[in-house]
Visitor: 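Next up is a structure, given as structure tokens.
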There are 2 protein chains.
Amino acid sequence: MAALQKSIDKRNALINATIELVNNDGFHATPMSKIAKMACVSPATIYLYFENKQDLVNKTYIEVKTSYTAYAFATYNETMSVEEGFEVIWKRIADFKLKESANAMFLAQCDNTPMIDEESRQEGIKHLQPLLDLWARGKKEGIIKPLSDYMLYA
Amino acid sequence: MAALQKSIDKRNALINATIELVNNDGFHATPMSKIAKMACVSPATIYLYFENKQDLVNKTYIEVKTSYTAYAFATYNETMSVEEGFEVIWKRIADFKLKESANAMFLAQCDNTPMIDEESRQEGIKHLQPLLDLWARGKKEGIIKPLSDYMLYA
DNA sequence: ATATAGAAAATGAACGTTCATTCTTTTTTA
DNA sequence: TAAAAAAGAATGAACGTTCATTTTCTATAT
């Protein structure tokens with residue numbers, strides 16, 4: 001058999017510990033040793049799953065961002081009108097912030113600090129493509145001018 | 001004469017260095033030595049003006065938040081209608097983010113991370129009182145229901 | 001006005017701690 | 001049994017803060 005001995009559970013535990021500890025203490029104030037402890041793992045073990053601390057937080061970001069966008073676009077499809085599309089996505093985003101508040105808080109921290117590498121940040125933005133497309137569609141249809149004022153804040 | 005020998009210029013230089021460096025590198029990734037260097041001061045001198053690093057960033061936060069709210073409410077007065085009040089404040093906030101982007105970026109980082117002490121955070125919120133009052137007034141007047149959906153994001 | 005003494009301010013070096021990462025050894029897996 | 005995974009201890013660098021010393025300021029006495 002192949003050699004995927006490394007446990008996916010352990011990886012997930014590390015990701016989750018990272019989210020919780022970064023939320024509580026901030027990125028630089030959370031030692032690798034604390035992440036290890038919360039994931040019931042030795043500090044050295046983290047380096048079997050991630051290159052280093054920066055890589056750990058980058059990968060965590062991508063993972064959470066992916067689940068965020070999946071959630072946001074779950075009820076949306078391209079046949080909707082622009083208005084309906086925005087409304088549907090908007091509600092899902094609000095929902096996400098309520099129901100997955102830890103994840104949302106983590107993303108907020110990532111998106112408002114220099115803690116994530118530029119490369120991973122770009123990667124995260126890619127997943128928002130459907131929203132940008134919808135925006136472009138709205139512009140092309142020349143509708144919802146007043147809305148754009150509010151949207152500036154998204 | 002009294003002994004206010006400590007220079008207000010030096011204090012401002014420290015505050016400004018803090019804003020710029022925290023914006024670029026994040027709170028825990030900016031050493032006191034770097035702040036000192038940018039403010040043309042010895043590291044030890046910082047401790048004549050602030051108790052410690054936490055106190056420095058707390059005070060910086062209060063200062064920026066105060067200037068933010070002053071800016072936001074500059075064109076507002078209580079005789080305005082609720083709608084007009086919101087619009088006027090809204091525009092000033094957007095303006096602030098454009099014209100004082102470094103300050104706005106710093107506030108975003110403070111408000112989305114655990115870097116500021118709870119006490120200073122509360123102190124900062126106090127300055128937003130006029131906005132909360134306006135909100136209460138809007139509710140009492142029972143108007144602008146649809147707006148509240150968007151406002152959730154402020 | 002000037003010189004000077006005492007206090008406040010400023011400094012650079014030093015201290016002690018913390019933390020990311022690596023090294024060596026042990027355990028687990030196939 | 002051999003290779004991968006995991007562990008805990010060790011390492012070296014970085015940083016916040018303090019210490020001992022020097023510099024600057026100011027208020028008074030000449």
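Worth saying up front: this structure is predicted, and the values here are computed from it rather than measured. Chain letters run A, B, ... following the sequence lines, proteins first and then strands; every chain starts at 1.
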Visitor: What's the closest nucleotide to the side chain of B:T45 if the choices are C:dA10, D:dG16, D:dA7?
Guide: C:dA10
Visitor: Could you please name the option among C:dT21, C:dA10, C:dT11 that lies closest to any side-chain atom of B:V41?
Guide: C:dT11
Visitor: Do you know the tightest heavy-atom contact between A:I116 and A:R121?
Guide: O-NH1, 3.0 Å
Visitor: Is it true that B:D9 and B:S7 share a donor-acceptor pair across their side chains at a distance under 3.5 Å?
Guide: no
Visitor: For residues 105-120 of chain B, pull every pair meeting side chain to side chain donor-acceptor pair (under 3.5 Å), keeping only residues two or more places apart or in separate chains.
Guide: B:N58-B:D117, B:Y61-B:D111, B:K65-B:D111, B:E118-B:Q122
Visitor: Does NZ or CZ of A:R92 fall inside the cone over A:F73's six-membered ring, less than 6.0 Å from its centre and within 45° of the axis?
Guide: no
Visitor: For the residue pair A:V57 and A:M115, what are the closest heavy atoms and their distance?
Guide: CG2-CE, 3.4 Å
Visitor: Is the B:H28 ring parallel, tilted or perpendicular to the A:H28 ring (thresholds 30°, 60°)?
Guide: tilted
Visitor: So what does B:K10 touch, heavy atoms closer than 4.0 Å: a base, only the sugar-phosphate, or nothing?
Guide: sugar-phosphate
Visitor: A:I35 has an atom CD1; how far is it from atom C1' of C:dC19, in whole Å?
Guide: 12 Å
Visitor: Considering non-hydrogen atoms only, spot the tightest contact between B:S33 and B:P43 and give its length.
Guide: CA-CG, 4.3 Å
Visitor: Heavy atoms from C-beta onward define the side chain here; which of D:dT17, D:dA6, C:dC23 lies closest to that of A:L48?
Guide: D:dA6
Visitor: Roughly how bent is the helix from C:dA1-D:dT30 to C:dA30-D:dT1 end to end, in steps of 10 degrees, with each end axis from five pairs?
Guide: 10°
Visitor: B:S42 side chain: which of C:dA20, C:dA10, C:dG12 is closest?
Guide: C:dG12
Visitor: The side chain of B:P31 lies closest to which of these nucleotides: D:dC15, C:dT21, D:dT18?
Guide: D:dC15
Visitor: Give the rounded distance in Å between these two atoms: CE of B:M32 and P of C:dG12.
Guide: 16 Å
Visitor: Give a yes or no answer on whether the side chain of A:N23 reaches the backbone of A:A102 with a donor-acceptor pair at less than 3.5 Å.
Guide: yes
Visitor: Do A:F27 and A:M105 belong to the same hydrophobic cluster, where Ile, Leu, Val, Met, Phe, Trp and Tyr are linked whenever their side-chain heavy atoms lie under 4.5 Å apart, directly or via other members?
Guide: no
Visitor: Which nucleotide sits closest to the side chain of B:A44: D:dG8, D:dC19, C:dC19?
Guide: D:dC19
Visitor: Does anything in residues 52-59 of chain B come within less than 4.0 Å of DNA chain D? Heavy atoms only, and list the residues if so.
Guide: B:N52, B:K53
